[in-house]
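See structure below.
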Amino acid sequence: MSTQAPETPSLFPHSSADFGDAPLLVGKHTFHSRLIVGTGKYPDFPTMRQAHIASGADCVTVALRRVDLKNPENNILNHIDLGRMTLLPNTAGCYTVEEAVQVGVMVQEMELGDLIKVEVIGDQKTLMPDPIGTVEATRKLTAMGFTCMSYCSDDIVLCKRLEEAGAAAVMPLGSPIGSGRGVLNPTNIRLIKDAASVPIIVDAGVGCASDCASAMELGVDGLLVNTAIASAKDPVKMAHAIRMATVAGRLSFQAGRMDKRLYASASTPLKDF
Amino acid sequence: MSTQAPETPSLFPHSSADFGDAPLLVGKHTFHSRLIVGTGKYPDFPTMRQAHIASGADCVTVALRRVDLKNPENNILNHIDLGRMTLLPNTAGCYTVEEAVQVGVMVQEMELGDLIKVEVIGDQKTLMPDPIGTVEATRKLTAMGFTCMSYCSDDIVLCKRLEEAGAAAVMPLGSPIGSGRGVLNPTNIRLIKDAASVPIIVDAGVGCASDCASAMELGVDGLLVNTAIASAKDPVKMAHAIRMATVAGRLSFQAGRMDKRLYASASTPLKDF
Amino acid sequence: MSTQAPETPSLFPHSSADFGDAPLLVGKHTFHSRLIVGTGKYPDFPTMRQAHIASGADCVTVALRRVDLKNPENNILNHIDLGRMTLLPNTAGCYTVEEAVQVGVMVQEMELGDLIKVEVIGDQKTLMPDPIGTVEATRKLTAMGFTCMSYCSDDIVLCKRLEEAGAAAVMPLGSPIGSGRGVLNPTNIRLIKDAASVPIIVDAGVGCASDCASAMELGVDGLLVNTAIASAKDPVKMAHAIRMATVAGRLSFQAGRMDKRLYASASTPLKDF
Amino acid sequence: MSTQAPETPSLFPHSSADFGDAPLLVGKHTFHSRLIVGTGKYPDFPTMRQAHIASGADCVTVALRRVDLKNPENNILNHIDLGRMTLLPNTAGCYTVEEAVQVGVMVQEMELGDLIKVEVIGDQKTLMPDPIGTVEATRKLTAMGFTCMSYCSDDIVLCKRLEEAGAAAVMPLGSPIGSGRGVLNPTNIRLIKDAASVPIIVDAGVGCASDCASAMELGVDGLLVNTAIASAKDPVKMAHAIRMATVAGRLSFQAGRMDKRLYASASTPLKDF
Amino acid sequence: MILTLNGEQRDDLAAATVADLLEELGLGTRPVAVMVNGEVVRRAEQAGHRLSDGDSVEVISLIGGG
Amino acid sequence: MILTLNGEQRDDLAAATVADLLEELGLGTRPVAVMVNGEVVRRAEQAGHRLSDGDSVEVISLIGGG
Amino acid sequence: MILTLNGEQRDDLAAATVADLLEELGLGTRPVAVMVNGEVVRRAEQAGHRLSDGDSVEVISLIGGG
Amino acid sequence: MILTLNGEQRDDLAAATVADLLEELGLGTRPVAVMVNGEVVRRAEQAGHRLSDGDSVEVISLIGGG
């Protein structure tokens with residue numbers, strides 16, 4: 001079924017910026033791509049590196065965990081193009097505000113920059129974020145000097161509260177993390193975007209290229225995609241697909257789609273002979 | 001909202017062929033793009049020409065109607081890049097097999113090539129095709145030497161009957177022509193593709209970029225898109241979007257998407273500190 | 001989870017007729033219930049009989065097959081309340097017009113009445129009906145004196161052709177037989193109903209009570225349900241559920257639903273103190 | 001289209017309790033119906049009263065507002081069957097915890113019982129509830145002795161937090177209040193129910209009978225419906241429809257639906273002659 | 001005489017006509033239809049229709065279906 | 001004495017206390033709650049709570065809601 | 001001679017044959033098809049096909065469609 | 001001296017301070033953070049922070065995540 005992609009296919013377009021679109025601004029950061037990628041779940045680092053290139057992304061999430069002392073040289077940073085990529089460390093796995101703040105302290109110690117993806121989990125089974133903890137963690141991490149990108153449910157008022165707490169970007173989930181089911185409630189995402197003064201980035205849930213195009217057509221500012229790329233059968237090819245679908249969705253939003261109709265409307269004029 | 005696209009943005013990728021995908025084969029014809037475009041409903045010919053370029057397509061539908069004798073020089077062929085494009089004349093507007101055959105005779109008289117889009121309408125209000133008439137017209141036009149691309153409903157058995165009647169490609173509709181509602185019944189399209197020995201091209205109904213990506217992810221061989229481009233607020237930008245979404249959907253299908261899950265699956269390993 | 005239903009719960013309402021709705025008229029037949037049930041796939045005959053009662057139906061499908069000569073007394077008619085039920089023999093399993101006509105001859109020989117469910121299968125894998133064969137079989141069986149209820153895809157023009165061929169009711173499927181996925185394309189069913197002069201009965205595909213209510217809210221005249229009842233864990237309870245959902249959907253259609261809104265509209269007046 | 005319902009159609013079944021289902025228990029209250037109805041938006045009080053009867057409900061929401069001093073006798077309580085109905089006063093329109101608590105004080109002053117629907121709005125345009133304020137108001141009103149039924153978004157963790165704050169029932173919305181769009185995110189509602197130790201009642205968003213059946217099939221404990229009944233063209237008929245659909249959805253959930261299949265499965269055995 | 005009856009070879013049947021066969025099989029009161037060699041034998045003809053060696057006979061009645 | 005009663009200026013009322021006011025307004029049998037200047041005046045205090053010029057009084061009861 | 005040409009009555013045309021007509025209409029280089037009285041007149045016959053009074057002529061070419 | 005290092009008991013380490021420990025583990029050039037007994041030891045304090053018997057030490061760096 002699958003045909004082999006050539007070794008180094010051209011990366012045009014990297015992003016909608018190649019079509020004159022404004023870049024994605026998060027706090028003081030400027031990203032040319034509206035797609036942020038992750039570093040989890042890849043079969044191996046070389047595949048990850050190729051997929052990162054294919055994605056066109058210039059921002060990438062990483063997580064903090066114990067060093068593997070048996071393989072101290074096994075350093076993920078050796079496999080990320082730090083010339084192009086800005087790091088976005090996350091607080092994944094934290095269940096309390098205190099844990100998230102502690103991760104923040106460590107991020108500062110490690111001099112990883114000022115960006116942080118704020119994630120406070122509230123339920124072990126569904127891994128859904130805790131609305132109240134996330135607001136509080138966002139407030140504290142912002143006070144510590146971080147540019148917070150806060151991961152949350154698609155609760156419309158919650159997204160507003162995160163913005164008020166200092167989030168530089170709000171990142172509602174489309175569907176449960178790793179579920180790959182796309183944006184389950186497009187109405188909410190649209191209403192969240194309507195009300196927002198900071199960028200809205202859909203984080204979690206997209207599973208394939210069309211999910212990315214659909215999400216961008218809702219008017220959101222960007223996407224964060226990890227599992228859909230890393231767990232595809234061919235992650236590099238999927239990264240190309242998702243890069244282009246993100247651009248396509250953005251242009252489609254900007255181009256202004258045709259009106260929907262219940263009934264038909266001929267694309268060819270009536271027959272006259 | 002919309003930012004201006006640069007005058008001549010690069011056209012990479014023209015199609016999934018730029019990623020090593022096989023071309024679309026219809027009878028003896030080889031198309032590098034899996035996107036076929038129309039020529040109806042555009043605001044003007046220069047916009048149409050630019051949109052055609054932006055689409056990356058190398059096949060284009062046209063219709064037969066009375067010459068406008070007051071403007072005999074107003075010839076649509078002057079606005080189609082015949083160096084790149086193969087013409088696909090349609091029998092749009094025909095309500096009987098006889099009418100469709102008569103259009104076929106005229107297409108031969110005009111020496112427009114051997115391709116024909118077979119369309120026999122069965123209902124004036126919904127413009128839905130007549131299953132029985134389309135099968136019969138396909139049989140007759142095939143006997144006249146045409147390479148038939150037959151437009152039809154998403155009836156699974158009907159698509160098989162069209163193939164048996166000689167259709168070189170079968171073109172089920174996603175939703176009523178001009179409705180822009182996407183593929184209303186993805187199950188049927190998937191079952192049609194599963195059973196087919198000739199290319200399946202979704203014709204009619206897609207309204208935006210994500211609709212194209214979704215349709216291609218069903219595994220179909222191509223798309224025919226007219227109104228979604230021509231009736232967008234910015235047809236040229238939408239043509240770019242639809243070109244890239246079609247490629248993205250194809251690559252996404254080939255890359256093999258992640259499995260869907262009801263529940264979550266962390267993209268970051270469990271916290272261990 | 002499931003609580004035991006009492007032995008003989010009241011059957012009010014049997015059907016929407018209990019709320020003053022017109023009965024379902026098919027040819028010369030008058031049915032008080034808009035729900036037609038099947039006799040296949042039940043765990044045993046006593047369960048079937050109880051489920052039939054719980055369904056409130058007064059029309060029931062049966063099929064023709066070889067007599068089990070080892071159990072010649074195993075007669076399904078002993079388990080159908082022929083005082084209430086009208087038999088609707090089907091031509092299930094026929095792949096040609098000739099086979100369907102032969103079944104019709106046998107139905108006449110067996111003096112089972114004038115009703116027949118016309119079914120000509122076109123694909124062994126999906127069991128989807130053959131559009132052309134079904135039209136032809138409808139024409140022939142009508143000429144033989146049958147009141148034809150023709151099972152077909154949701155192709156809008158095909159439904160019209162079946163009516164022209166003499167069908168007393170047209171029965172488009174909601175989704176593939178036995179798939180239990182509900183009405184996959186409500187737009188088509190609505191357009192079919194809009195255009196019809198004979199009753200439209202959704203046959204095949206409903207899987208649960210809400211599917212029945214949704215289908216009836218499209219305005220169709222009735223439903224034919226077999227697997228959803230027979231293959232439920234508790235068929236009798238499901239029969240009650242489907243009876244009531246069918247009535248509820250009908251009343252909901254007639255009552256005229258509220259308008260949908262993208263945004264909210266308070267159900268309580270604004271606070272004034 | 002609509003036929004006239006008889007004056008006093010039988011009310012069997014009032015609720016799923018008539019089929020042996022357990023009643024709905026909220027704190028110390030026992031409701032035989034799983035449907036709670038509202039009192040807003042009705043064309044007039046007699047219609048409301050008839051619709052209440054037709055709904056089979058035994059719990060009804062009311063709101064607190066200024067007395068209309070020009071019509072001091074215009075008392076809604078005269079139009080509610082207080083012999084059958086338990087009152088559920090709401091805090092609708094409150095934007096702060098303090099306002100909600102103040103409404104609670106007034107409910108106590110008016111001796112309306114111990115039930116209260118906790119609603120703290122967070123956004124004027126979408127009328128979406130404030131997650132943090134609702135948790136806090138639930139905590140305070142519970143401490144004041146109220147049995148709280150807390151209205152909220154479909155945020156999974158928030159629902160758990162409300163339970164921890166003392167809510168006797170949690171009432172996630174299906175779609176924005178008054179929008180009539182049904183349950184937009186069934187996945188969330190199902191996950192909320194899975195995790196809950198108190199009753200989950202879908203409040204807001206259902207628009208018609210099938211929406212009620214679908215929601216109940218998710219396994220939730222009850223529904224609160226106002227606009228779908230009050231703003232139907234025929235509210236009394238719609239109340240009957242929604243009563244039966246709620247029962248049908250409950251029984252369908254309990255009966256255990258058939259499995260869904262992508263492909264078909266014949267309901268009639270293969271033809272053998 | 002050997003018949004193929006509902007797909008099985010049978011040499012144990014005494015019936016000379018279709019009507020005899022139905023009676024021998026004990027299907028008297030039940031609605032059945034009979035095909036011999038692919039053709040329906042109508043009720044009026046059953047008493048007169050003689051069975052021959054090698055005939056393929058189908059006796060059809062009702063079962064559950066949807 | 002001028003009161004703001006449910007948002008309207010009123011100078012036609014004779015009531016000296018909250019309890020008087022409710023009676024004067026004819027709301028005797030109906031469940032109502034009263035706020036004076038933003039504070040709820042509980043039932044037990046209504047007879048003793050004297051109204052003053054310029055007071056803002058809200059008399060609240062039930063209406064339809066969802 | 002009066003023709004109905006693409007739905008309009010015309011008495012201003014001098015052409016005697018279909019080929020003449022196409023030239024008179026200035027459609028030389030463009031692909032067109034011609035029907036006279038509902039029948040297509042094939043290219044090879046156009047020079048020989050004489051027009052008669054009352055003929056209904058359709059001159060067909062390409063337009064935009066989907 | 002026995003330490004719990006990233007969850008494992010270790011008695012094979014010579015390091016007296018946090019800074020020593022990082023060097024002994026060969027993590028010199030890589031960004032790491034260190035917690036001792038649940039508190040982050042900031043970089044400036046690592047040379048001066050002496051390890052004691054029974055300390056629980058976590059050495060944290062980056063891994064893949066989403």
Side-chain angles (χ1 to χ4, degrees), chain C residues 1-6 9-10 12 19-21 38 40-41 63 65-66 92-93 126-127 176-181 207-210 213-214 217 226-228 231-234 237-238 240-241 244-245 247-249 251-252 254-258 260-261 263-268 270-273, chain D residues 1-6 9-10 12 19-21 38 40-41 63 65-66 92-93 126-127 176-181 207-210 213-214 217 226-228 231-234 237-238 240-241 244-245 247-249 251-252 254-258 260-261 263-268 270-273:
Chain C
M1 181 64 65
S2 164
T3 59
Q4 189 54 43
S10 160
F12 188 87
F19 287 85
D21 187 21
K41 293 186 169 180
R65 292 290 178 274
R66 285 172 175 168
T126 62
L127 300 175
I177 178 80
S179 69
R181 301 177 64 216
C208 59
S210 61
S214 297
E217 284 173 349
N226 186 2
T227 310
S231 294
K233 312 275 173 297
D234 182 338
K237 185 172 276 193
M238 187 58 91
H240 279 294
M244 283 186 280
V247 176
L251 295 189
S252 179
Q254 293 183 325
R257 61 159 293 153
M258 62 178 286
K260 290 190 189 184
R261 290 189 186 82
Y263 288 117
S265 162
S267 52
T268 304
L270 283 182
K271 192 154 169 272
D272 56 6
F273 60 89
Chain D
M1 180 66 64
S2 164
T3 59
Q4 189 55 44
S10 161
F12 189 86
F19 286 85
D21 188 20
K41 293 187 169 179
R65 291 290 179 273
R66 287 172 175 169
T126 62
L127 300 175
I177 178 78
S179 70
R181 301 177 63 214
C208 57
S210 61
S214 298
E217 284 173 347
N226 187 359
T227 310
S231 295
K233 313 275 172 297
D234 181 339
K237 184 172 278 195
M238 187 57 91
H240 279 294
M244 283 186 278
V247 176
L251 296 189
S252 179
Q254 294 183 326
R257 61 160 291 155
M258 62 178 286
K260 290 189 188 184
R261 290 189 185 81
Y263 289 117
S265 162
S267 52
T268 304
L270 283 183
K271 192 154 170 272
D272 57 6
F273 59 89

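On a predicted model such as this, the values are computed, not experimentally measured, just so you know. Note on naming: letters A, B, ... go to the chains in the order of the sequence lines (proteins, then strands), and numbering restarts at 1 for each one.
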Search all heavy atoms of [X] against all heavy atoms of [Y] and return the closest pair with its distance.
X	Y	value
D:Ala209	C:Ser252	N-OG, 3.3 Å
D:Ala92	C:Lys271	O-CD, 4.1 Å
D:Ala248	C:Ala245	CB-N, 3.7 Å
D:Arg257	C:Met238	CA-CE, 3.8 Å
D:Leu127	C:Ser265	CD1-C, 4.2 Å

Worksheet item: Within a strict 4.5 Å, meaning less than it, do heavy atoms of the D:Ser267 and C:Ile177 side chains meet?
Response: yes
Worksheet item: Given side chains that start at C-beta, do those of C:His240 and D:Phe19 come closer than 4.5 Å, heavy atoms only?
Response: yes
Between atom [atom1] of [X] and atom [atom2] of [Y], what is the distance when rounded to the nearest 0.5 Å?
X	Y	atom1	atom2	result
D:Cys208	C:Leu251	SG	CG	13.0 Å
D:Arg181	C:Met258	CZ	CE	11.0 Å
C:Met244	D:Phe12	CE	CZ	7.5 Å
D:Arg65	C:Phe273	CZ	CZ	6.0 Å

Discussion item. If we define contacts as heavy-atom pairs under 4.5 Å, which of D:Ala63, D:Gly38, D:Gly249, D:Gly93 has the most with chain C?
Written reply: D:Gly93
Response to the item:
From the list D:Ser231, D:Ser214, D:Ala241, D:Ser179, the residue making the most non-hydrogen contacts under 4.5 Å with chain C is D:Ser179
Worksheet entry | C:Lys41-D:Thr268 side chain donor-acceptor pair, cut-off 3.5 Å | no
Worksheet item: Using non-hydrogen atoms only, which part of D:Leu270 is less than 4.5 Å away from chain C: side chain, backbone, both, or neither?
Response: backbone
Practice prompt. Please look at D:Asp272 and chain C and tell me whether the side chain, the backbone, both or neither of the residue comes under 4.5 angstrom of a heavy atom of that chain.
Written response: both
Practice prompt. For D:Arg66, check salt bridge (Lys or Arg N to Asp or Glu O under 4.0 Å) against everything at least two apart and list the hits.
Written response: F:Glu58
Worksheet item: Between the main-chain N or O of C:Gly180 and the side-chain N or O of D:Arg261, is there a donor-acceptor pair closer than 3.5 Å?
Response: no
Worksheet, complete the sentence: chain D shares the most heavy-atom pairs under 4.5 Å, among C:Ala264, C:Ala266, C:Ala213, C:Gly40, with C:Ala264
